[in-house]
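Working notes, beginning with the structure itself.
First the proteins, then the strands, lettered A, B, ... as listed; each starts at 1.
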Protein chains: 2
Amino acid sequence: MSLPHAILTALLEKPSSGLELTRRFDRSIGYFWPATHQQIYRELAKLEQSGFIRPLPQQPSRGQKREYEVLPEGRAELTAWVARAEDPRAVRDPLLLRLRAAAVVGTQGLGDELERHLRLHERQLAEYLAIEERDFAPPVRSAEARLQHLVLRGGIDLERYWIAWLTEALPEFTDR
Amino acid sequence: MSLPHAILTALLEKPSSGLELTRRFDRSIGYFWPATHQQIYRELAKLEQSGFIRPLPQQPSRGQKREYEVLPEGRAELTAWVARAEDPRAVRDPLLLRLRAAAVVGTQGLGDELERHLRLHERQLAEYLAIEERDFAPPVRSAEARLQHLVLRGGIDLERYWIAWLTEALPEFTDR
DNA sequence: ATTTACATGTAAGGGGTTACATGATTTG
DNA sequence: CAAATCATGTAACCCCTTACATGTAAAT
């Protein structure tokens with residue numbers, strides 16, 4: 001149940017239409033919870049029906065922009081969710097699984113794939129570091145910015161985790 | 001499309017029934033790809049229909065154990081999957097999202113939740129380390145064991161990532 | 001007027017989660 | 001024989017993914 005809360009967060013930061021949300025997701029919240037416009041429209045409809053958000057007074061026709069804002073009930077729900085007890089989700093990683101499978105059927109071709117993943121993670125890390133430099137440069141920051149920085153740090157460290165693990169693993173795969 | 005391959009891997013290691021697979025998942029493959037018995041039975045039926053596995057000659061009635069073995073086609077599929085190009089899955093983490101939400105609605109109650117997660121990850125790390133000590137102790141090992149160890153290392157480092165990040169983050173949350 | 005971009009949707013299918021149903025075997 | 005356990009399965013719901021559909025506005 002995270003997508004509705006991701007949307008509430010984004011709408012509190014700035015009332016938006018479905019497509020605007022989709023674009024904002026692509027370059028911020030979506031790093032940690034990606035969503036397509038189909039998901040977002042569906043969820044907006046649910047959130048409206050639940051009384052958590054409402055459309056800003058505007059033209060209500062198809063093909064027209066339709067912006068939403070968060071109601072007090074929505075803010076209350078988000079506030080409660082922040083403190084709610086929810087266990088970490090189970091790890092579900094296909095790459096680790098593939099290594100396990102390779103232990104049984106052989107590592108043929110896996111080395112190249114691991115290198116490819118290594119490059120992808122290096123690219124993602126570079127993207128995060130650029131954002132960090134742009135948005136969280138040295139001068140002291142607000143509590144809000146410190147929290148956002150912490151989240152970004154989580155992403156950065158996760159990419160570094162993968163890079164370290166892949167770099168350690170690669171020597172096992174010499175079929176090239 | 002990872003669950004069928006996880007099952008093929010497990011069945012190659014040892015032909016099993018659905019319930020046996022469920023139990024083996026709980027203490028090995030399931031660390032990186034959990035699955036309930038419902039999922040496993042459904043997937044076994046699909047794998048049989050696809051001609052990747054077949055039931056061992058046995059009594060075919062309800063409530064009776066029904067064991068499967070992997071056919072050559074199944075092994076071929078798994079071998080191909082190991083080398084297939086598949087991008088890393090998108091990160092989708094509710095905790096990072098909650099921090100982002102907390103930047104907007106406040107961190108009330110989040111400190112306790114972060115500490116709880118920290119404890120859960122410490123427990124998981126201890127479990128992994130116990131497995132490492134039990135199954136991958138110093139004496140030199142087969143290629144198969146080295147790969148399995150690499151996978152476990154991935155799990156260990158991932159828990160350490162969370163522990164490090166949570167430990168770094170906690171001081172930001174002083175509402176206790 | 002046609003094309004392009006903007007904007008909101010519908011439909012189908014897959015996989016995961018939870019609750020429940022039912023048959024067979026073992027144990028007290 | 002009653003209860004517990006083993007074993008396989010059904011059903012419903014939710015979320016994510018992909019492909020497609022449709023309407024409006026701006027650009028050429």
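Contacts of A/R84 classified as side chain to side chain donor-acceptor pair (under 3.5 Å), with partners at least two apart in sequence or in another chain: A/E77. For A/W162, the ring pair (Phe, Tyr, Trp, His ring centres under 6.0 Å) partners at least two apart in sequence or on another chain are A/H121, A/W165. Residues satisfying the ring pair (Phe, Tyr, Trp, His ring centres under 6.0 Å) criterion with A/H117, sequence neighbours excluded, are absent altogether. Residues passing the side chain to side chain donor-acceptor pair (under 3.5 Å) test with A/Q148, sequence neighbours excluded: none. When the side chain to side chain donor-acceptor pair (under 3.5 Å) test is applied to B/W81, the partners found at least two apart in sequence or on another chain are B/E86.
Straight-line distance from the CH2 atom of A/W33 to the P atom of D/dC16: 6 Å, rounded to whole Å. When the P atom of C/dT25 is taken as reference, atom CZ of B/R66 falls 16 Å away, rounded to whole Å. Atom CG of A/L44 and atom P of C/dG9 are 9 Å apart (whole Å). Taking atom CG of A/L3 as the reference point, atom C1' of D/dC16 lies 10 Å away to the nearest angstrom. One atom, NZ of A/K65, and another, P of C/dA5, lie 17 Å apart when rounded to the nearest Å. Between A/R89 atom CZ and C/dG16 atom P the separation is 12 Å, expressed in whole Å. Note: NE2 (B/H5) to P (C/dG15) measures 11 Å, nearest angstrom. Taking atom CE of B/M1 as the reference point, atom C1' of C/dG16 lies 15 Å away to the nearest angstrom.
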N/O to N/O distances under 3.5 Å, protein versus nucleotides 17-20 of chain D:
residue, atom, partner, partner atom, Å
D/dT17, OP2, B/R92, NH2, 3.0
D/dA19, N6, A/Q38, NE2, 2.5

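For B/Y41, whose side chain is taken as the heavy atoms from C-beta onward, the closest listed nucleotide among D/dC16, C/dA7, D/dA7 is D/dA7.
Exactly one residue among B/E67, B/K65, B/R24, B/R23 makes a side chain to side chain donor-acceptor pair (under 3.5 Å) with B/S16. That residue is B/R24.
Residue A/Q64 has a polar side-chain atom (N or O) positioned under 4.0 Å from OP1 or OP2 of D/dA25. Within the 4.0 Å cut-off from OP1 or OP2 of D/dC15, at least one side-chain nitrogen or oxygen of A/K46 is found.
Evaluation of the salt bridge (charged side-chain N to carboxylate O under 4.0 Å, His left out) test over residues 123-139 of chain A, restricted to residues two or more places apart or in two chains, returns A/E132-A/R153. Counting only residues at least two apart or in different chains, salt bridge (charged side-chain N to carboxylate O under 4.0 Å, His left out) contacts with residues 34-54 of chain A comprise A/E48-A/R66, A/R54-A/E69.
For residues 7-26 of chain A, proximity to DNA chain C is found at A/S17, A/G18, A/L19, A/R23, defined as any non-hydrogen atom under 4.0 angstrom from a strand atom.
Side-chain atoms of B/S142 and B/E144 form no donor-acceptor pair, as typed in the model, at a separation below 3.5 Å.
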